[in-house]
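Remarks on the structure that follows.
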Number of protein chains: 2
Amino acid sequence: MPGPRWRGNFKDRGHRMTGPRDAILDVLSKKQGHLTADDIFFEVRKLYSGIGIATVYRALDLFVRIGLVNKFDFGGGRSRYEFASKEEHHHHLVCKNCGRVIDYDSFLDEETELIKKIEAELSKKHYFKIDSHQLDFYGLCENCQKEVE
Amino acid sequence: MPGPRWRGNFKDRGHRMTGPRDAILDVLSKKQGHLTADDIFFEVRKLYSGIGIATVYRALDLFVRIGLVNKFDFGGGRSRYEFASKEEHHHHLVCKNCGRVIDYDSFLDEETELIKKIEAELSKKHYFKIDSHQLDFYGLCENCQKEVE
DNA sequence: TCCTTTATTGATAATGATTCTCATTATTAT
DNA sequence: ATAATAATGAGAATCATTATCAATAAAGGA
Ligand SMILES: [Mn+2]
Ligand SMILES: [Mn+2]
Ligand SMILES: [Zn+2]
Ligand SMILES: [Zn+2]
């Protein structure tokens with residue numbers, strides 16, 4: 001009988017809470033960062049050794065669909081996943097050299113305001129129903145600046 | 001002797017302007033949109049029938065490195081490319097259902113201002129050297145709203 | 001123009017991430 | 001406990017992108 005912690009999110013839609021899914025959510029909620037499917041796979045095997053990589057992908061896909069997890073594409077060929085529950089919405093700073101990703105939300109007041117305004121304008125102008133956005137800054141992190149110097 | 005149109009951008013760095021590269025730039029500068037490597041490959045074969053897909057990838061990589069072309073990851077597993085020369089910087093509206101991507105730059109005044117401010121703040125706070133950013137709004141385009149209704 | 005140097009190319013194999021298939025197992029509602 | 005069926009694991013299959021390597025072509029100088 002897998003942990004009841006996340007049951008609530010599955011009740012309705014006919015999804016079942018299982019051992020593998022619970023273990024994956026456990027990892028996602030504890031490890032912070034922007035994990036690849038493989039990162040998650042290796043961590044989860046400590047909790048649920050028999051799990052297969054396909055199950056990890058299937059579970060992540062489900063979690064993204066129901067809004068429990070955010071999926072990102074920062075370039076580099078691998079998707080990255082982040083636990084969404086309770087977290088504030090935030091934006092990213094991405095190092096083009098080493099791939100490090102930093103979350104930030106310090107400017108969120110002004111940003112949120114402007115972004116709402118843009119959303120309204122774009123929705124009207126292009127008949128788009130906007131439900132999310134992503135703002136990333138790219139550059140070189142502290143370490144990588146030194147290396148390149 | 002391949003077209004002299006883009007010669008200027010190659011002079012310095014030891015890169016050679018070749019038939020395949022010229023054909024690829026031709027396609028990129030004429031076809032608008034956010035093309036995949038394969039889109040480009042099929043178009044370029046009309047101009048330069050013997051070209052190989054590896055050459056397309058290599059050329060695109062080079063163009064991105066020297067700033068002639070922008071590369072994007074809107075999700076969906078394939079990178080998308082856009083001719084950068086002369087174009088204004090802009091942001092995107094992406095349909096999560098059909099993948100359509102719309103460029104916009106109407107809000108650029110206010111956006112630019114805020115984004116500069118954020119860049120300055122983030123650079124200082126995180127010791128990051130920021131050189132670009134990407135802002136995408138996700139949702140449903142007009143057509144896809146109808147389908148789902 | 002001809003030569004030399006070496007960047008570039010095309011074909012193809014290799015890789016890496018993600019998805020699919022399918023027989024087996026586990027979960028849920030009765 | 002039983003039936004209905006969602007979920008799983010192993011491995012094959014896909015898909016996009018890279019790496020290899022021998023052959024070719026561009027650039028600059030003689
Ligand atoms: Mn994040
Ligand atoms: Mn664009
Ligand atoms: Zn870095
Ligand atoms: Zn659409």
Side-chain angles (χ1 to χ4, degrees), chain A residues 1-25 34-42 44-45 47-66 68-69 71-81 99, chain B residues 1-25 34-42 44-45 47-66 68-69 71-81 99:
Chain A
M1 63 245 31
R5 199 173 340 164
W6 323 104
R7 274 266 164 69
N9 298 80
F10 290 81
K11 275 214 180 92
D12 15 330
R13 333 202 190 195
H15 301 129
R16 297 175 180 177
M17 181 41 80
T18 67
R21 286 177 180 173
D22 193 53
I24 292 167
L25 285 171
H34 304 84
L35 306 168
T36 64
D38 234 51
D39 293 337
I40 295 163
F41 178 54
F42 281 115
V44 170
R45 285 214 282 191
L47 301 177
Y48 195 101
S49 57
I51 198 171
I53 184 72
T55 298
V56 172
Y57 277 105
R58 281 183 295 229
L60 288 171
D61 184 64
L62 171 63
F63 298 155
V64 170
R65 258 183 292 128
I66 67 180
L68 259 181
V69 165
K71 178 180 184 177
F72 294 104
D73 243 311
F74 295 124
R78 297 173 308 176
S79 296
R80 290 174 177 278
Y81 301 86
Chain B
M1 62 243 39
R5 200 171 341 163
W6 322 105
R7 275 266 163 71
N9 298 81
F10 289 80
K11 275 216 180 94
D12 14 333
R13 334 203 189 195
H15 301 130
R16 296 175 181 177
M17 180 41 81
T18 68
R21 287 175 177 174
D22 193 54
I24 292 167
L25 286 170
H34 304 83
L35 306 168
T36 64
D38 232 52
D39 292 338
I40 295 163
F41 178 54
F42 280 115
V44 171
R45 285 214 283 189
L47 301 176
Y48 196 101
S49 56
I51 199 171
I53 183 70
T55 298
V56 173
Y57 277 104
R58 282 182 296 229
L60 288 171
D61 184 64
L62 171 64
F63 299 155
V64 170
R65 258 183 291 128
I66 66 180
L68 259 182
V69 164
K71 177 180 185 178
F72 295 103
D73 242 313
F74 295 124
R78 296 173 308 174
S79 296
R80 290 175 175 278
Y81 301 85

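At the heavy-atom level, A/Tyr48 lies under 4.0 Å from the strands shown only through sugar-phosphate atoms.
Listed nucleotides C/dT9, D/dA19, D/dA7 differ in distance to A/Arg21; the shortest reach to its side chain belongs to D/dA7. The side chain of B/Ala54 sits closest to C/dA11 out of D/dT17, C/dT28, C/dA11. Comparing D/dA16, D/dA19, D/dT8 by their nearest atom to the side chain of B/Arg78 picks out D/dA16.
Phosphate proximity of C/dA17 to A/Thr36: absent, as no side-chain N or O sits under 4.0 Å from OP1 or OP2. Of the side-chain N and O atoms in B/Ser79, none sit less than 4.0 angstrom from OP1 or OP2 of D/dA16. OP1 or OP2 of C/dA26 has not a single side-chain nitrogen or oxygen of A/Thr18 nearer than 4.0 Å. The side chain of A/Tyr57 contributes no N or O atom lying less than 4.0 Å from OP1 or OP2 of C/dT19.
Between the CG atom of B/Asp61 and the P atom of D/dA16 there is a distance of 18 Å, rounded to whole Å. Taking atom CD1 of A/Ile53 as the reference point, atom P of C/dG16 lies 14 Å away to the nearest angstrom. The separation between A/Phe41 atom CZ and C/dT19 atom C1' is 15 Å, rounded to whole Å. Separating the CG atom of A/Leu62 from the C1' atom of C/dT18 is a distance of 17 Å, rounded to the nearest angstrom. Rounded to whole angstrom, the span from the CG atom of A/Asp73 across to the P atom of D/dC15 amounts to 18 Å. One interatomic measurement links the two molecules: CG of B/Leu60 to C1' of C/dT8, which rounds to 15 Å at whole-angstrom precision. Put simply, CG on A/Asp22 is 17 Å from C1' on D/dA6, counting in whole angstrom units. The distance from atom CD1 of B/Ile24 to atom P of C/dG10 is 8 Å, rounded to the nearest whole Å.
From B/His34, atom NE2 reaches atom CZ of B/Phe72 across 6.0 Å, with rounding to the nearest 0.5 Å. Going from atom OG1 of B/Thr18 over to atom CD1 of B/Ile24 covers 7.5 Å, rounded to the nearest 0.5 Å. With rounding to the nearest 0.5 Å, the separation of CG in B/Leu25 from CG in B/Leu68 is 6.0 Å.
Scanning atom types as modelled, one donor and one acceptor separated by under 3.5 angstrom connect the side chain of B/Arg16 and the base of C/dT6.
Proximity of A/Ile53 to A/Asp38: side-chain heavy atoms (C-beta onward) are separated by under 4.5 Å at one or more points. A/Phe63 places none of its side-chain heavy atoms less than 4.5 Å from the side chain of A/Lys71.
Nearer to the 5' terminus of DNA chain D, by closest-nucleotide assignment, is the contact made by A/Gly52 (compared with the other of B/Arg58 and A/Gly52). Residues B/Ala37 and B/Pro20 both approach DNA chain D. Their nearest nucleotides, taken by heavy-atom distance, put B/Ala37 toward the 5′ side.
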